Each structure stands twice: as structure tokens, then as C-alpha cells.
Amino acid sequence: MSADSAFEDINESKANMDYIYDQSDPRAYFHELKKLAYAIPDAAKPIFQKLITHLQHRQERPVHVLDLGCSYGVNAALLKYDLSMHELYDHWSDGSLVQAAPEDIVEHDRRFIDNLGEQEDLLVTGLDPAESAITFAKDSGLLDEGLAVNLEVSPLSNTTTEILADVDLVTSTGCVGYMTKKSFERLLPAITQGQSPWMGNFVLRMFPFDAIDEALAKWGYVTERLDGQTFVQRNFASASEQEQVLEQLRDGGIDPTGREVEGQLLAEFYLSRPIVDAAAVPIDRLFQA
């Protein structure tokens with residue numbers, strides 16, 4: 001079985017929430033994910049901030065982040081405006097928004113963003129197949145640039161390739177599994193035009209990262225896993241979802257005892273860097289307190 005086919009089988013075990021990911025605004029997205037205590041952006045935030053700070057010390061221009069599977073710009077909100085998921089859930093639970101028209105929602109969110117202090121030495125480009133979500137994230141000011149692209153089915157256009165030429169850090173908090181080796185192989189020529197950006201991927205434990213690791217290695221990358229740490233993505237949506245995920249984990253030789261058995265989807269963090277960078281500062285030293 002190919003890695004892509006394996007990913008398809010694993011995805012079938014997860015609850016299907018496609019309907020919340022590409023609406024004109026994020027009301028349904030935050031409503032549904034709040035019920036599941038979706039928390040992976042909060043868990044990822046200090047990790048990404050550590051990487052961004054390290055890169056800022058190496059260059060004078062702003063750090064350019066490419067967030068894969070960005071949806072409505074959630075990671076951008078946390079990194080650029082120092083928000084938390086709790087604050088975003090509160091913001092989108094505002095009762096005045098229930099009957100609001102989509103265009104009013106954009107204005108509401110832009111006013112909210114304009115009152116926050118933006119990290120000026122950080123630019124965030126989002127990439128996601130969800131065109132409506134990308135449009136909202138750009139119009140509200142969360143993303144500096146948004147790319148509605150499905151790299152599993154289409155290559156990058158020349159215009160998109162130009163936008164990605166100076167990316168310093170690639171991030172993701174849940175898209176690996178929907179994005180396979182194919183997507184990364186299509187992305188790599190664009191983001192390595194002038195340099196080789198770092199890549200930080202949070203990957204649910206039932207998804208093997210081996211094939212993507214091998215693809216990155218051909219471009220001179222070394223991938224390290226942050227050992228001994230797992231990160232909560234969200235609660236299981238149902239007993240059926242949990243049962244199927246536990247089966248996938250056990251089939252993959254992963255023991256879920258005391259982890260997913262307790263009722264939460266867990267991710268691990270993989271950092272991929274050029275060989276020289278990984279040798280200079282190993283991952284354990286990079287994340288020392």
C-alpha cells in the first residue's frame with residue numbers, strides 16, 4: 001500500500017468536519033471546534049515562537065512564515081497578534097454575531113484585529129484549499145497573503161511560486177495526512193529558490209511521517225522529532241472515532257495506552273532543517289528553557 005493510500009484509510013477513521021472549513025466566515029468553525037476543545041494552535045504557539053525568534057536573530061528583514069492548512073488564519077492570529085484559542089473562542093461566541101451578514105462579520109473581525117498590537121517583524125502567508133476561508137483571513141487582516149491551492153491535485157502557478165521565494169519557516173498544525181509527500185514535493189522547488197526554510201510540522205500520531213521525511217532528505221533536509229512530548233489536538237468527536245483511531249494506532253505499532261485511550265487526539269512535532277543548521281543546533285538544545 002502506498003503512503004497516500006494509507007493516509008486515505010487513516011483519514012476515514014477521523015470525524016468528517018469538512019463543512020466547517022470553507023464557509024464565508026469562521027462562526028461554524030469556532031462553534032464546532034470549541035465543543036471538541038480544539039487546542040493544537042495553543043500547543044504549537046511557543047514552539048513556533050522559539051523558531052521565529054531564532055530566525056529573527058539571523059536576519060534583518062521580517063521572518064516570512066508559510067502556514068500550511070491555515071484555514072481562517074488561526075495560527076497567524078496567535079503568532080502575529082499574540083492571541084490564544086480561548087480568546088478566539090470568546091471573540092466568536094459574541095451573541096451579536098449570530099444573525100450578522102457575512103460582510104458584517106469581516107468588518108467586525110477587522111475592527112477586532114485593528115485594536116491589537118501586531119508583531120511587525122513577522123509576515124504570514126497562508127496556504128489552504130479552502131478558498132472562502134483564505135479570502136476571509138486575507139480580508140480580515142490576519143494573513144498578509146493567502147493562497148487557495150490544493151497541492152494534492154494541482155502544481156503551483158508561477159505567481160504563487162514568486163510569493164513563496166523568500167519563505168523562512170513553514171508551519172503546520174494538522175494538515176499532514178491531508179497533505180502527503182506529493183504536496184511537499186510540489187512545494188519544495190518554490191520555497192528553496194533562494195534559501196532552504198525551516199519546517200515545523202505537528203503530525204497526529206497515527207500518520208507516519210517517513211515518506212515526507214524521505215522527500216525532504218532529497219532536498220538536503222534533516223528531520224528530527226521532539227522526543228518525549230505529545231501535544232493535544234482535540235477531544236475525540238465520538239466513541240466511534242476514538243475506537244477507529246485506536247485501531248489505526250495499534251495497527252501502526254503505536255501504543256495508545258494512557259494517551260489517546262484517555263480521549264484526545266495527540267500530535268508529535270517534527271522539525272526539518274538544512275543539514276548544516278541541524279548540526280549546529282540540535283533540536284533538544286534549540287528548545288532548552
Side-chain angles (χ1 to χ4, degrees), residues 21 40-41 44-56 58-59 61-81 118-131 133-138 140-203 209 212-213 215-216 219-221 223 267 269-274 277:
Y21 287 111
I40 191 67
K45 180 179 176 179
I47 301 290
F48 290 156
Q49 286 177 321
K50 188 74 133 179
L51 300 179
I52 289 166
T53 298
H54 189 92
L55 293 170
Q56 285 169 334
R58 305 198 321 179
Q59 61 191 53
R61 63 178 177 81
V63 171
H64 184 181
V65 174
L66 171 64
D67 188 38
L68 304 178
C70 67
S71 68
Y72 296 92
V74 175
N75 286 329
L78 271 60
L79 295 172
K80 289 178 64 178
Y81 300 100
E118 180 178 357
Q119 185 173 332
E120 295 182 354
D121 52 356
L122 181 65
L123 301 173
V124 180
T125 293
L127 187 150
D128 198 294
E131 187 171 359
I134 286 282
T135 299
F136 178 88
K138 287 177 61 180
S140 65
L142 287 173
L143 293 178
D144 296 286
E145 185 60 73
L147 307 171
V149 179
N150 185 345
L151 290 175
E152 288 296 296
V153 299
S154 303
L156 294 169
S157 67
N158 291 336
T159 301
T160 301
T161 297
E162 293 172 6
I163 293 171
L164 300 178
D166 66 347
V167 166
D168 302 295
L169 174 65
V170 178
T171 60
S172 77
T173 53
C175 72
V176 171
Y178 301 108
M179 292 183 71
T180 69
K181 178 181 74 169
K182 181 187 299 183
S183 289
F184 283 87
E185 288 175 334
R186 285 175 165 163
L187 182 64
L188 280 160
I191 60 175
T192 57
Q193 295 174 74
Q195 60 183 355
S196 295
W198 291 12
M199 303 186 196
N201 291 288
F202 285 83
V203 183
F209 198 69
I212 295 173
D213 183 355
L216 295 176
W219 289 77
Y221 279 88
T223 296
F269 177 69
Y270 293 84
L271 178 62
S272 304
R273 294 175 291 168
D277 291 341

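What you see is a predicted model, and the numbers here were worked out from it, not measured in a lab.
Considering all non-hydrogen atoms of both residues, Cys70 and Asp128 come closest at N-OD2, 3.2 Å. Pairing each heavy atom of Leu169 with each of Phe48, the nearest pair is CD2-O, 4.5 Å. Across all their heavy atoms, Leu68 and Cys175 have their closest contact at CB-SG, 3.7 Å. In plain terms, the two heavy atoms of Ala137 and Gly73 that are nearest each other are CB-N, 3.9 Å. In this structure, Val167 and Pro197 approach most closely via the heavy-atom pair O-CB, 3.2 Å. For Lys80 against Glu118, the heavy-atom pair with the smallest separation is CE-OE2, 3.2 Å.
With values rounded to the nearest 0.5 angstrom, Met199 atom CE is found 11.5 Å from Thr171 atom OG1. Rounding to the nearest 0.5 Å gives a distance of 7.5 Å between CG of Leu79 and CD of Gln119. A distance of 9.5 Å separates OG1 in Thr125 from NZ in Lys138, rounded to the nearest 0.5 Å. To the nearest 0.5 Å, atoms CG (Asn201) and CG (Leu216) are separated by 8.0 Å. We find the CD-CG distance between Glu185 and Leu151 to be 11.5 Å, quoted to the nearest 0.5 Å. Rounded to the nearest 0.5 angstrom, Gln59 CD and His64 NE2 are separated by 11.0 Å.
Here the side chains of Ser272 and Phe209 are in contact, with some heavy-atom distance below 4.5 Å. Using a 4.5 Å heavy-atom threshold, the side chains of Tyr81 and Leu142 count as touching. When side chains are defined from C-beta on, Asp67 does not count as touching Val74, because their heavy atoms never get closer than 4.5 Å. Within the 4.5 Å cutoff, the side chain of Phe202 has heavy atoms near those of the Ile47 side chain. Between Tyr221 and Leu188, the closest side-chain pair of non-hydrogen atoms falls below 4.5 Å.
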Stepwise, does the side-chain contact (heavy atoms from CB on, under 4.5 Å) test hold for Trp219 with Ser196?
CA-CA 9 Å; Trp219 289 77; Ser196 295; over 6 Å; no
Walk me through it: do Asn75 and Thr173 pass the test side chain to side chain donor-acceptor pair (under 3.5 Å)?
CA-CA 8 Å; Asn75 286 329; Thr173 53; 3.1 Å; yes
message: side-chain contact (heavy atoms from CB on, under 4.5 Å), that's the test. Do Gln193 and Thr161 meet it? Break it down for me.
response: CA-CA 9 Å; Gln193 295 174 74; Thr161 297; 3.5 Å; yes
- Message: side-chain contact (heavy atoms from CB on, under 4.5 Å) for Leu51 and Leu271? Distances and angles first, verdict last.
- Response: CA-CA 10 Å; Leu51 300 179; Leu271 178 62; 4.0 Å; yes
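Every salt bridge (charged side-chain N to carboxylate O under 4.0 Å, His left out) that Asp168 has, sequence neighbours left out, goes to Arg61. Tyr178 is linked by a side-chain contact (heavy atoms from CB on, under 4.5 Å) to Asn11, Lys14, counting only residues two or more places apart in sequence or in another chain.
Side-chain N or O atoms of Asp144 include one that pairs as donor or acceptor with a backbone N or O of Val124 at under 3.5 Å. Under a 3.5 Å cut-off, the side chain of Gln56 and the backbone N or O of Val63 do not form any donor-acceptor pair.
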